[in-house]
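Presented below is the structure to which this report refers.
The analysis underlying the following values was restricted to heavy atoms, covering all of them including side chains, and did not include hydrogens, waters or symmetry mates.
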Amino acid sequence: MAPPTVLVTGGAGYIGSHTVLEMLNAGYNVICVDNLCNAYSGGASKLPEALSRVQEITGKKIHFYRVDITDREQVRSVFQEHKIDMVAHFAALKAVGESCRIPLQYYHNNMTGTNVLLEAMADNNVFKFVYSSSATVYGEPKFLPVTEEHPTGNCTSPYGKTKYFTEEILKDLCKSDKRWAVVSLRYFNPVGAHISGRIGEDPNGEPNNLMPYIAQVAVGRRPKLSVYGSDFPTKDGTGVRDYIHIVDLAEGHVKALDKLRNIAETGFFAYNLGTGVGCSVLELVHAFERASGQKVTYELVDRRSGDVATCYADAKLAEQALGWKATRGIDKMCEDTWRWQSQNPNGYAQK
Ligand SMILES: NC(=O)c1ccc[n+]([C@@H]2O[C@H](COP(=O)([O-])OP(=O)(O)OC[C@H]3O[C@@H](n4cnc5c(N)ncnc54)[C@H](O)[C@@H]3O)[C@@H](O)[C@H]2O)c1
Ligand SMILES: CC(=O)N[C@H]1[C@@H](OP(=O)(O)OP(=O)(O)OC[C@H]2O[C@@H](n3ccc(=O)[nH]c3=O)[C@H](O)[C@@H]2O)O[C@H](CO)[C@H](O)[C@@H]1O
């Protein structure tokens with residue numbers, strides 16, 4: 001039987017590129033679309049730089065189209081060109097602070113983009129869908145660890161709401177038509193890089209998230225890290241999160257695709273992708289110093305608005321239903337981030 005073909009949206013991004021690599025290694029054919037609004041184009045090569053490196057690592061071919069998923073005609077033309085079996089949907093705008101400043105762009109890109117994609121799927125009889133959701137759908141945790149039964153929807157930012165609203169749309173869609181099989185993966189805090197050091201996280205401008213900030217301080221691109229809050233009710237007063245290695249996360253997607261491919265069951269399924277282990281900001285800083293041999297200068301400052309003290313996953317359901325479990329710990333996350341950051345101090349742009 002021919003291997004299934006998966007359309008990957010946002011495949012040139014951080015999580016998309018790592019997942020494409022694992023999908024190729026698992027034998028899937030991959031068609032990527034991305035509008036490159038948050039990915040490095042790679043100049044002369046027709047492929048975005050991250051995907052060109054994925055091809056180099058795997059020795060396998062990726063079909064790439066520069067497509068904006070809000071553009072109905074562009075999306076339809078990809079379905080006309082290829083016989084698609086499943087879709088993994090990563091494309092989204094994802095900066096929490098920016099989404100509060102330009103909410104309409106976030107709603108258009110993330111919600112309209114998803115609707116256009118789902119309509120094109122239905123028109124082409126494709127009903128298997130893996131969605132990039134987030135722990136942000138849970139809002140402030142009412143209990144820990146956070147299970148999939150935790151209420152969703154109490155999101156504080158337009159970005160978070162696009163993830164929650166999209167899950168609601170997907171649930172309605174599955175109720176309306178029993179052919180749909182949807183897996184929504186709720187990521188906790190993805191960090192790290194592929195072991196090759198060739199692909200990794202390359203944020204535009206000043207990083208919003210902790211791990212890329214630490215890495216840029218360690219490599220000398222930024223003078224110091226601001227630690228947001230040291231008076232939380234946690235082990236050392238700093239925020240506690242569930243960091244998950246990007247390759248574990250990518251493997252979780254392959255397991256989700258395997259499930260959709262092999263099981264006739266349809267409907268909406270949500271799974272947490274996390275480790276179940278909470279790590280504080282200062283623990284991560286010290287682990288990074290050990291892994292890199294570099295000093296990470298930091299300053300304790302006020303809390304960042306909207307931040308919760310502690311959030312970590314109960315990831316048992318993904319283990320039971322998908323046969324997936326995160327295996328890489330904090331030291332490995334730091335070691336792999338450092339290899340990527342030190343070998344590519346300016347990310348994909350070789351300045
Ligand atoms: N990184 C995280 O910490 C995190 C956590 C939870 C959920 N997520 C979700 O995972 C997904 C991937 O995140 P990421 O960290 O890889 O982000 P990313 O920005 O690196 O990747 C997203 C990709 O989508 C592309 N894109 C955006 N809008 C598009 C559009 N309209 N048409 C085509 N391409 C478009 C961007 O150019 C980019 O390459 C997103 O849906 C994000 O919301 C990320
Ligand atoms: C409110 C918010 O933005 N939430 C997003 C952020 O979650 P998080 O806020 O969980 O991730 P993060 O990496 O921005 O922060 C992790 C921890 O580090 C702390 N910290 C972060 C940066 C920094 O420069 N200094 C510092 O101390 C922060 O207070 C928190 O305790 O990222 C996630 C992806 O990984 C999701 O996209 C969340 O929606």
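Between the side chains of Tyr312 and Asn272, no donor-acceptor pair is found at a separation under 3.5 Å.
Between Val254 and Asn25 the shortest side-chain heavy-atom distance does not fall below 4.5 Å. Residues Thr5 and Ile31 are in side-chain contact: their nearest non-hydrogen atoms beyond the backbone lie under 4.5 Å apart. Side chains of Leu210 and Tyr243 form a contact here, defined as non-hydrogen atoms less than 4.5 Å apart. Here the side chains of Val87 and Phe79 are in contact, with some heavy-atom distance below 4.5 Å. Pro3 is not listed as a side-chain neighbour of Tyr28, based on a closest heavy-atom distance of 4.5 Å or more. No side-chain heavy atom of Met86 sits under 4.5 Å from any side-chain heavy atom of Val130. Contact of the Arg241 side chain with the Asp307 side chain is registered, since non-hydrogen atoms from C-beta on lie closer than 4.5 Å. Considering only heavy atoms from C-beta on, Thr166 stays 4.5 Å or farther from His89 through its side chain.
Pairs passing the salt bridge (charged side-chain N to carboxylate O under 4.0 Å, His left out) check and including a residue from residues 310-324, sequence neighbours excluded, read Asp314-Lys316. Pairs of residues two or more places apart, or lying in two chains, that qualify as salt bridge (charged side-chain N to carboxylate O under 4.0 Å, His left out) and include a residue from residues 179-195 are Glu167-Arg186, Asp177-Arg179. Annotation: ring pair (Phe, Tyr, Trp, His ring centres under 6.0 Å) contacts involving residues 182-209, sequence neighbours excluded, comprise Tyr187-His253. For residues 223-236, the salt bridge (charged side-chain N to carboxylate O under 4.0 Å, His left out) pairs, not counting sequence neighbours, are Lys224-Glu299, Asp231-Arg303, Lys235-Glu283. Residue pairs meeting the ring pair (Phe, Tyr, Trp, His ring centres under 6.0 Å) criterion with at least one member in residues 198-237, sequence neighbours excluded, do not occur. Residues in residues 120-136 take part in these salt bridge (charged side-chain N to carboxylate O under 4.0 Å, His left out) pairs, two or more places apart or across chains: Arg76-Asp123.
Arg222 is linked by a salt bridge (Lys or Arg N to Asp or Glu O under 4.0 Å) to nothing, counting only residues two or more places apart in sequence or in another chain. In terms of the ring-ring contact (aromatic ring centres under 6.0 Å, His included) criterion, residue partners of Tyr14 (sequence neighbours excluded) are, by chain and number, His18. Residues satisfying the ring-ring contact (aromatic ring centres under 6.0 Å, His included) criterion with Tyr107, sequence neighbours excluded, are absent altogether. Residues satisfying the ring-ring contact (aromatic ring centres under 6.0 Å, His included) criterion with His150, sequence neighbours excluded, are Tyr138, Phe143. For His63, the ring-ring contact (aromatic ring centres under 6.0 Å, His included) test picks out His82, with sequence neighbours left out.
With rounding to the nearest 0.5 Å, the separation of CG in Leu117 from CD1 in Ile69 is 6.0 Å. Distance check, rounded to the nearest 0.5 Å: CH2 of Trp338 to CD of Gln343 gives 10.5 Å. Here OG of Ser52 is found 5.0 Å from CD of Glu49. Values are rounded to the nearest 0.5 Å. Atoms NE2 and OG, from His286 and Ser280 in turn, are 7.5 Å apart once rounded to the nearest 0.5 Å. Atom CG of residue Leu273 and atom CG of residue Asn189 lie 12.5 Å apart, to the nearest 0.5 angstrom. Atoms OG1 and CE, on Thr58 and Met23 in that order, are 11.5 Å from each other to the nearest 0.5 Å.
Cation-pi contact between Arg53 and Tyr348: absent, since separation from the ring centre below 6.0 Å together with deviation from the ring axis within 45° is not met. In this structure, Lys259 satisfies the cation-pi test against Phe269, with its NZ or CZ atom closer than 6.0 Å to the six-membered ring centre and inside 45 degrees of the ring normal.
When hydrophobic clusters are built by joining Ile, Leu, Val, Met, Phe, Trp and Tyr residues whose side-chain heavy atoms come closer than 4.5 Å, directly or via intermediates, Val33 is grouped together with Phe129. Linking ILVMFWY side-chain heavy atoms closer than 4.5 Å, directly or via other members, places Phe268 and Leu260 in two distinct hydrophobic clusters. Both Tyr40 and Val8 are assigned to one and the same hydrophobic cluster, defined by single-linkage of ILVMFWY side chains at heavy-atom distances under 4.5 Å. Linking ILVMFWY side-chain heavy atoms closer than 4.5 Å, directly or via other members, places Met333 and Ile195 in two distinct hydrophobic clusters. Note: the hydrophobic cluster containing Leu118 also contains Val78 (ILVMFWY, side chain heavy atoms under 4.5 Å, direct or indirect links).
In this structure, the side chain of Asp248 engages the main chain of Thr327 through a donor-acceptor pair within 3.5 Å. Ser17 places no side-chain N or O within 3.5 Å of a backbone atom of Leu51 that could act as its donor or acceptor partner. Looking only at distances, no side-chain donor or acceptor of Asn109 sits under 3.5 Å from a matching main-chain atom of Gln105. A donor-acceptor pair is defined here as one N or O able to donate and one able to accept, closer than 3.5 Å; no such pair exists between the side chain of Gln55 and the backbone of Gly59. Using a distance-only test at 3.5 Å, with no hydrogens or angles considered, no donor-acceptor pair links the side chain of Glu22 to the main chain of Glu251. A donor-acceptor pair under 3.5 Å is absent between the side-chain atoms of Trp340 and the main chain of Asp202, judged by distance alone. Of the possible polar contacts, none joining the Asp242 side chain to the Gly274 backbone as a donor-acceptor pair under 3.5 Å is found.
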### Task
Please step through side-chain contact (heavy atoms from CB on, under 4.5 Å) for the pair Thr266 and Phe127, ending with a clear verdict.
CA-CA 9 Å; Thr266 59; Phe127 296 103; over 6 Å; no

### Message
Let's go through Val285 and Ile214 carefully: what are the C-alpha distance in whole Å and the side-chain angles of both, what is the deciding distance for side-chain contact (heavy atoms from CB on, under 4.5 Å) to 0.1 Å, and is it a yes or a no?
### Response
CA-CA 7 Å; Val285 166; Ile214 291 177; 3.8 Å; yes

### Task
Start with the C-alpha distance between Thr114 and Phe165, add both sets of side-chain angles, then the distance that settles side-chain contact (heavy atoms from CB on, under 4.5 Å), and finish with yes or no.
CA-CA 11 Å; Thr114 305; Phe165 293 152; over 6 Å; no

### Message
Please determine whether side-chain contact (heavy atoms from CB on, under 4.5 Å) holds for the pair Ile169 and Asn115, giving the CA-CA distance in whole Å, both sets of side-chain angles, and the decisive distance to 0.1 Å.
### Response
CA-CA 9 Å; Ile169 290 172; Asn115 271 11; 3.9 Å; yes

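Within a 6.0 Å sphere centred on NZ of Lys171, heavy atoms belonging to other residues, nucleotides or ligands number more than 12. Heavy atoms from other residues, nucleotides or ligands lying under 6.0 Å from CG of Asp302 number 12 at most. Taking a 6.0 Å sphere around CD of Glu168, one finds it holds more than 12 heavy atoms contributed by other residues, nucleotides or ligands.
As a member of the Ile/Leu/Val/Met/Phe/Trp/Tyr network built from side-chain separations under 4.5 Å, Tyr159 groups with Leu93, Val96, Ile102, Tyr106.
When all heavy atoms are compared, the tightest approach of Gln216 to Pro203 is NE2-CG, 4.1 Å.
No option in Asn29, Val30, Thr19 other than Val30 meets the side chain to side chain contact (heavy atoms under 4.5 Å, CB included) test with Leu24.
A salt bridge links Arg339 with Asp336: the distance from a Lys NZ or Arg NE/NH1/NH2 to an Asp or Glu carboxylate oxygen falls below 4.0 Å.
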